[in-house]
Amino acid sequence: MAVLPQKAFGLAATDTSGVLSPFNFSRRENGADDVTVKILYCGICHSDLHSATNEWGFTKYPIVPGHEMVGEVIKTGENVEKFKVGDRVGVGVLVGSCKKCDLCEQDLENYCPELILTYNSPDRDGTMTYGGFSDIIVVDQHFVLRFPDNLPSAGGAPLLCAGITVYSPMKYYGMTEPGKHLGVAGLGGLGHIAVKLGKAFGLKVTVISTSPKKKAEAIENLGADAFLVSSDPVQLKAATGTMDFIIDTIAVMHHLTPFLDLLKVNGKLITVGLPDKPLELAIFPLVLGRKLVGGSNNGGMKEVQEMLDFCGEHGVTADVEVVRMDYVNTAMERLAKADVRYRFVIDVANSIADL
């Protein structure tokens with residue numbers, strides 16, 4: 001294994017318990033095209049929990065999670081022109097791609113066959129990437145994002161994963177036409193941002209949830225127009241065929257047919273949650289209503305920047321609970337129980353010294 005010259009420190013899981021503990025490691029030397037970033041804040045994504053406990057089956061330990069980083073540039077390479085020391089920047093889900101395939105040339109680096117993820121991914125030098133539950137990160141300038149002045153660091157950090165995960169399909173599948181009706185299934189880290197983006201695009205937004213107690217939060221605090229309890233057959237029947245689009249953010253096993261029934265003819269159901277087991281899909285509702293079921297995987301760098309700028313312009317941020325580094329294991333436990341409204345964000349810079 002190559003000896004890497006920049007010392008780093010963070011939290012790592014070393015087995016399937018997912019328990020995180022202090023971890024000393026190294027980052028590569030800042031190369032000609034690199035930016036070294038002091039991490040100020042990092043969101044805690046559900047993917048971090050899945051990965052730390054190896055729920056998806058491909059974790060390589062030790063793993064340092066975290067791919068929703070806002071930080072400050074502390075070093076730049078000689079070829080770096082986009083950023084300077086002191087700039088506030090973002091680092092999201094991606095830190096590398098081949099930069100030359102058809103997908104990369106279309107600004108779709110997130111679908112590149114040689115994609116390098118921010119953590120738990122083989123890097124070009126053969127080492128594994130480590131994420132943002134740490135003090136610094138070294139990133140190719142192409143995968144560093146300008147963080148708008150009108151976005152707060154803590155509230156803006158989750159946009160780097162949760163935000164782009166719902167923004168990208170809304171743009172690609174045409175879910176942005178003012179006046180159209182959007183259903184948002186699941187009111188968690190992804191869902192609450194989908195509600196805010198839907199309203200920013202001028203859509204009518206209905207939250208679809210199994211929990212009636214979330215109605216006031218959805219309408220009064222997040223700005224949704226309506227609320228539908230998905231376990232209530234009377235409400236489901238009344239809403240049949242009323243929605244143009246549904247974005248499904250649910251990350252556990254659930255039935256898709258009730259959502260298909262809510263769609264109008266030509267309606268679109270787009271799934272972005274990642275359950276660990278396959279979902280059943282009834283074909284008759286698709287055929288009889290010319291409906292579409294699709295998916296989406298975050299976004300390329302150009303689109304992530306576009307999303308950040310859009311959110312800054314429209315005041316779209318995540319609702320967050322800021323925690324310190326020594327609280328992260330508790331936060332992960334609470335996340336597993338959906339006990340957060342709606343995203344944990346770690347105040348890395350002001351608390352990492354306490355570990």
Side-chain angles (χ1 to χ4, degrees), residues 1-15 20-39 42 45 47-48 50-52 54 56-85 87 89-105 107-145 160-161 297-301 304 348 352:
M1 182 176 175
V3 177
L4 306 180
Q6 294 204 72
K7 292 182 179 180
F9 178 66
L11 289 172
T14 58
D15 56 43
L20 297 153
S21 56
F23 180 58
N24 289 288
F25 61 105
S26 297
R27 302 285 193 185
R28 69 173 179 265
E29 185 176 4
N30 198 91
D33 294 306
D34 286 337
V35 174
T36 298
V37 178
K38 176 185 177 181
I39 299 167
C42 185
C45 175
S47 297
D48 300 330
H50 288 304
S51 299
N54 198 25
W56 290 332
F58 46 75
T59 297
K60 303 293 184 185
Y61 294 104
I63 179 174
V64 178
H67 57 203
E68 299 177 341
M69 288 165 266
V70 177
E72 178 184 341
V73 174
I74 58 173
K75 191 182 299 185
T76 60
E78 60 187 29
N79 295 339
V80 175
E81 298 180 351
K82 292 170 57 180
F83 305 102
K84 63 182 186 302
V85 171
D87 284 353
V89 296
V91 179
V93 179
L94 320 177
V95 292
S97 72
C98 76
K99 298 184 183 178
K100 59 188 178 183
C101 69
D102 289 344
L103 292 165
C104 285
E105 289 180 355
D107 300 309
L108 295 172
E109 301 95 336
N110 52 313
Y111 297 109
C112 174
E114 297 181 28
L115 168 71
I116 301 173
L117 298 174
T118 302
Y119 64 83
N120 195 45
S121 187
D123 210 340
R124 300 218 175 278
D125 59 4
T127 63
M128 295 297 288
T129 57
Y130 293 127
F133 292 10
S134 57
D135 54 357
I136 63 167
I137 190 167
V138 182
V139 186
D140 181 319
Q141 64 173 328
H142 182 75
F143 298 90
V144 179
L145 296 143
L160 293 160
C161 176
N297 179 33
N298 53 75
M301 301 313 299
V304 180
V348 177
I352 196 166

How long is the straight-line distance from [atom2] of [Y] back to [atom1] of [X], given to the nearest 0.5 Å?
| X | Y | atom1 | atom2 | answer |
| --- | --- | --- | --- | --- |
| Leu11 | Ser134 | CG | OG | 9.0 Å |
| Asn120 | Tyr130 | CG | OH | 9.5 Å |
| Glu105 | Cys112 | CD | SG | 10.5 Å |
| Met128 | Leu117 | CE | CG | 9.5 Å |
| Ile137 | Arg27 | CD1 | CZ | 4.5 Å |
| Asp87 | Thr76 | CG | OG1 | 9.5 Å |

List the atom of [X], the atom of [Y], and the distance in Å for their closest heavy-atom pair.
| X | Y | value |
| --- | --- | --- |
| Val64 | Ala12 | CG2-CB, 3.9 Å |
| Gln6 | Val138 | NE2-CG2, 3.3 Å |
| Met69 | Ile39 | SD-CD1, 3.6 Å |
| Leu20 | Ile63 | CD2-O, 4.5 Å |
| Leu115 | Asn110 | CD2-O, 3.7 Å |
| Cys42 | His67 | SG-N, 4.2 Å |

Where the side chain of [X] meets the backbone of [Y], is there a donor-acceptor pair that is under 3.5 Å apart?
| X | Y | value |
| --- | --- | --- |
| Asn79 | Asp33 | no |
| Glu109 | Met301 | yes |
| Thr59 | Trp56 | no |
| Asn297 | Tyr111 | no |
| Asp135 | Ala8 | no |
| Thr129 | Asp123 | no |

Between the side chains of [X] and [Y], is a donor N or O closer than 3.5 angstrom to an acceptor N or O?
| X | Y | result |
| --- | --- | --- |
| Arg28 | Thr127 | no |
| Tyr61 | Asn54 | no |
| Thr36 | Asn30 | yes |

Check: Is the shortest heavy-atom distance from the side chain of Arg124 to the side chain of Ile116 under 4.5 Å?
Finding: yes
Notebook entry, point to check: Can you check side chain to side chain contact (heavy atoms under 4.5 Å, CB included) on Val91 and Val35, steps first, answer last?
Noted result: CA-CA 11 Å; Val91 179; Val35 174; over 6 Å; no
Show me the donor-acceptor pairs within less than 3.5 Å that the side chains of residues 93-101 make with the rest of the protein, sequence neighbours left out.
unit_1 : atom_1 : unit_2 : atom_2 : d
Lys99  : NZ     : Asp140 : OD1    : 3.3
Lys99  : NZ     : Asp140 : OD2    : 2.6

Margin query: Counting the benzene-type ring for Trp, do Tyr119 and Phe133 have ring centres under 6.0 Å apart?
Written below: no
Next item on the list: Verify the neighbour count for atom NZ of Lys82: are there more than 12 heavy atoms of other residues, nucleotides or ligands below 6.0 Å?
Entry: yes
